[in-house]
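Data block below; observations after.
These numbers were taken from a predicted model, which means no experiment stands behind them. Below, each value reflects all heavy atoms present in this structure, side chains not excepted, and no hydrogens, waters or symmetry copies.
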Amino acid sequence: MSSGKKMWSAALLATAVLAVTAACGSGGDEGAGGKVKLRFSYWGSDARQKMTEEAIKKFEAKNPGIDVEGEFSDFASYYETLSTKVAASDAPDVITLEIRGLREYADRGTLADLTGKVQIGDIDPKLLGTGNIDGKQFAVPTGANVFSVVLNPSVVEAAGEKVPDDTKWTWQDYVDLSSKITAKGGGTVYGTQLNWNPAFLQIFAAQRGEPFYQGNKIAVTPGTIVAWWQVMLDTIKAKGSPDAAKTAEVGATSVDQSLLATNTGASGMWWSNQLGAVVKASGKEMSLLRLPKAEGAGSGGMFLQPAMFYTASAKSEHAAEAAKFIDFMINDAEVGGIILSDRGLPASSKVLAAVKDKLPPADQKTLEFVDSIKGELSDPPAAPPKGASALEDMLKRYTEEVIFGQMAPDAAAQKFLTEANAALGG
């Protein structure tokens, strides 16, 4: 979580061959001088790698009998590499996962039950519950995010418009405002950048009273998916966003290359912990807003989601040390002061309180925003069914078919649901 999440469905082909009954375990090497060596896999930016290595040094200083070897990669290659290692019974001792992949690994016996092995008393029970499957705590959340609208107030005001009242605005308001900003942008600034993250559809469906999942099936109706796409089609038609070709092009880039981050757009939808990246890239002050609502919606549909999880390999030969490292990364205030909100606003309330004043301005704004809407948020979603990690790629593919006019929305919605439901729980 992070949240600007890219697809990793190709890696699922490898997970199908996970060797859960292999005799050899993971993490069996010894470190220098006979120390226990832990392997810790994670993804991210160079900045994340730097701060993580600093946190690892803190752990090693306090635990001189343990060496931690970080296995770092970019997000695009992370899951393919991880699934290959797991299939070869060479899993890292501590594994970072997203919520979409949690059940994939837990149901195949890859992950250890961390119940009673990590201090979790300072984590919101509902957020903690997202890492619990069938009564076993397979994962501990690193922090929390919300999917929100990020907006540049200066661009809005330069277009002669007002920042919307996000407690009242509708999807039609969103389309209209985006269109007006583009019209006054001199051909260099767009009102918004469209987004087809499944979280967006999940929130949109919740506003219409529909859950995203029901058992191992998508519970969103075809009509709601069509209505969701209609918002995009209306925005493109009104020139509130770029045309389909440009939308697809910028949609394939990272958050720091988005229209908003490059000062060629007034708004976009991103996970809240990505605000800092947008601010850094753009050099501009940004605001976080609630997503617009459907007309007459009783709920805004927004929810807290774990940014990512720490999990432990069920086959680690150093289970106690792996749990100790996870506990340290979650609960140590010094580590919290290093990582800050890079992995979401810290899940531990004690750590969050300890680092609150150290957060950079963008993250202070994120914390204030999340606190201000906490009473409106739906419960965090449970881990989705197996196969859910393939949905983002499917949704992107069908969305592009629709916005390019290559498939009618009704037909695309039916085909998406058929393909998605076939992938779930397989």
Nearest heavy-atom pair of [X] and [Y]: which atoms, and what distance?
X: Pro306; Y: Thr130; result: CG-OG1, 3.4 Å
X: Met232; Y: Asn195; result: CE-O, 3.6 Å
X: Ala266; Y: Val155; result: CB-CG1, 3.6 Å
X: Ser282; Y: Asn263; result: O-ND2, 3.1 Å
X: Val163; Y: Val156; result: N-CG1, 3.9 Å
X: Ile236; Y: Pro242; result: CG1-O, 3.7 Å

Is there side-chain contact between [X] and [Y], with heavy atoms separated by less than 4.5 Å?
X: Ser241; Y: Gln193; value: no
X: Tyr105; Y: Ser83; value: yes
X: Thr110; Y: Ser313; value: no
X: Arg48; Y: Trp43; value: yes
X: Gln414; Y: Asp410; value: no
X: Lys386; Y: Leu424; value: no
X: Pro381; Y: Gln202; value: yes
X: Ser258; Y: Val250; value: no

>> Tell me which pairs pass ring pair (Phe, Tyr, Trp, His ring centres under 6.0 Å) where either residue lies in residues 366-401, with sequence neighbours left out.
In response: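 Output for this query is empty, none listed.
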>> Quick one, Thr247 with Tyr190, criterion side-chain contact (heavy atoms from CB on, under 4.5 Å). Give me CA distance, side-chain angles, the key distance, then yes/no.
In response: CA-CA 11 Å; Thr247 290; Tyr190 291 97; over 6 Å; no
Measure from the side-chain N and O atoms of [X] to the backbone N and O of [Y], and report whether any donor-acceptor pair falls under 3.5 Å.
X: Asn421; Y: Ile218; result: yes
X: Thr96; Y: Ser41; result: yes
X: Glu80; Y: Ser77; result: no
X: Gln364; Y: Lys356; result: yes
X: Asn331; Y: Gln119; result: yes
X: Glu71; Y: Phe40; result: no
X: Thr142; Y: Met308; result: yes
X: Arg39; Y: Asp90; result: yes
X: Glu376; Y: Met302; result: no
X: Ser341; Y: Gly344; result: no

>> Show, in sequence, the C-alpha distance, side-chain angles and deciding distance for Glu54 and Lys50, and conclude whether the salt bridge (charged side-chain N to carboxylate O under 4.0 Å, His left out) test is met.
In response: CA-CA 6 Å; Glu54 187 178 350; Lys50 184 177 180 180; over 6 Å; no
Point-to-point distance, once rounded to the nearest 0.5 Å, from [atom1] of [X] to [atom2] of [Y]:
X: Ile339; Y: Met51; atom1: CD1; atom2: CE; answer: 7.5 Å
X: Asn152; Y: Ser287; atom1: CG; atom2: OG; answer: 8.0 Å
X: Ile203; Y: Asn197; atom1: CD1; atom2: CG; answer: 8.5 Å
X: Thr167; Y: Leu289; atom1: OG1; atom2: CG; answer: 10.5 Å

> Given Leu288, which of Leu275, Ile373, Asp166, Val370 fulfils the side chain to side chain contact (heavy atoms under 4.5 Å, CB included) condition?
Replying inline: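 Among Leu275, Ile373, Asp166, Val370, the one meeting side chain to side chain contact (heavy atoms under 4.5 Å, CB included) with Leu288 is Leu275.
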>> Using the side chain to side chain contact (heavy atoms under 4.5 Å, CB included) definition, which of the options Val94, Ile326, Leu111 pairs with Thr311?
In response: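 Only one option passes, and that is Leu111.
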> With sequence neighbours left out, what residues match Lys58 under salt bridge (Lys or Arg N to Asp or Glu O under 4.0 Å)?
Replying inline: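 Only Glu334 meet the salt bridge (Lys or Arg N to Asp or Glu O under 4.0 Å) criterion with Lys58.
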>> Set out, in order, the CA-CA distance, both residues' side-chain angles and the distance that settles side-chain contact (heavy atoms from CB on, under 4.5 Å) for Lys284 and Met286, then state yes or no.
In response: CA-CA 6 Å; Lys284 304 292 184 182; Met286 299 285 170; 3.9 Å; yes
>> Under 6.0 Å from the ring centre and within 45 degrees of the ring axis: does the NZ or CZ of Arg343 meet both conditions for the six-membered ring of Tyr42?
In response: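 Yes, Arg343 lies over the aromatic ring of Tyr42.
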>> With a 4.0 Å cut-off on N to O distance, would you call Arg108 and Glu104 a salt bridge?
In response: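 Yes.
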Neighbour count above 12 (heavy atom, 6.0 Å) for [X] [atom1]:
X: Gln406; atom1: CD; answer: yes
X: Lys324; atom1: NZ; answer: no
X: Asp134; atom1: CG; answer: no
X: Glu419; atom1: CD; answer: yes

>> salt bridge (charged side-chain N to carboxylate O under 4.0 Å, His left out), that's the test. Do Lys237 and Asp234 meet it? Break it down for me.
In response: CA-CA 5 Å; Lys237 183 177 180 181; Asp234 289 347; over 6 Å; no
>> Run the side-chain contact (heavy atoms from CB on, under 4.5 Å) test on Asp342 and Leu340 for me, step by step, so that the C-alpha distance in whole Å, both residues' side-chain angles and the decisive distance to 0.1 Å come before the verdict.
In response: CA-CA 6 Å; Asp342 180 71; Leu340 298 174; over 6 Å; no
> Do Lys396 and Glu400 pass the salt bridge (charged side-chain N to carboxylate O under 4.0 Å, His left out) test, and can you show the C-alpha distance, the side-chain angles, and the key distance before you say yes or no?
Replying inline: CA-CA 6 Å; Lys396 174 181 183 293; Glu400 290 185 351; 3.1 Å; yes
>> If you take the centroid of each ring, where Trp contributes its six-membered ring, are Phe416 and Trp196 closer together than 6.0 Å?
In response: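 Judged by ring-centre distance (under 6.0 Å), Trp196 and Phe416 do not meet the cut-off.
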> Can you list every salt bridge (charged side-chain N to carboxylate O under 4.0 Å, His left out) pair that touches residues 178-194, not counting sequence neighbours?
Replying inline: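 Qualifying pairs, neighbours excluded: Glu161-Lys184.
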Do [X] and [Y] have side-chain N/O donor and acceptor atoms under 3.5 Å apart?
X: Thr192; Y: Ser267; result: yes
X: Ser148; Y: Trp270; result: no
X: Ser179; Y: Asp176; result: no
X: Thr84; Y: Thr81; result: no

> Does the ring-ring contact (aromatic ring centres under 6.0 Å, His included) test come out yes or no for Phe200 and Trp271, once each step is laid out?
Replying inline: CA-CA 10 Å; Phe200 178 13; Trp271 291 100; over 10 Å; no
>> What verdict does the side-chain contact (heavy atoms from CB on, under 4.5 Å) test give for Ile225 and Phe204, after you've listed the backbone C-alpha separation in whole Å, the side-chain angles of each residue and the deciding distance to 0.1 Å?
In response: CA-CA 9 Å; Ile225 299 174; Phe204 189 88; over 6 Å; no
> According to the interplanar angle, ranging from 0 to 90°, do the rings of Phe328 and Phe59 count as parallel (below 30°), tilted (30 to 60°) or perpendicular (above 60°)?
Replying inline: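 Perpendicular: the ring planes of Phe328 and Phe59 meet at over 60°.
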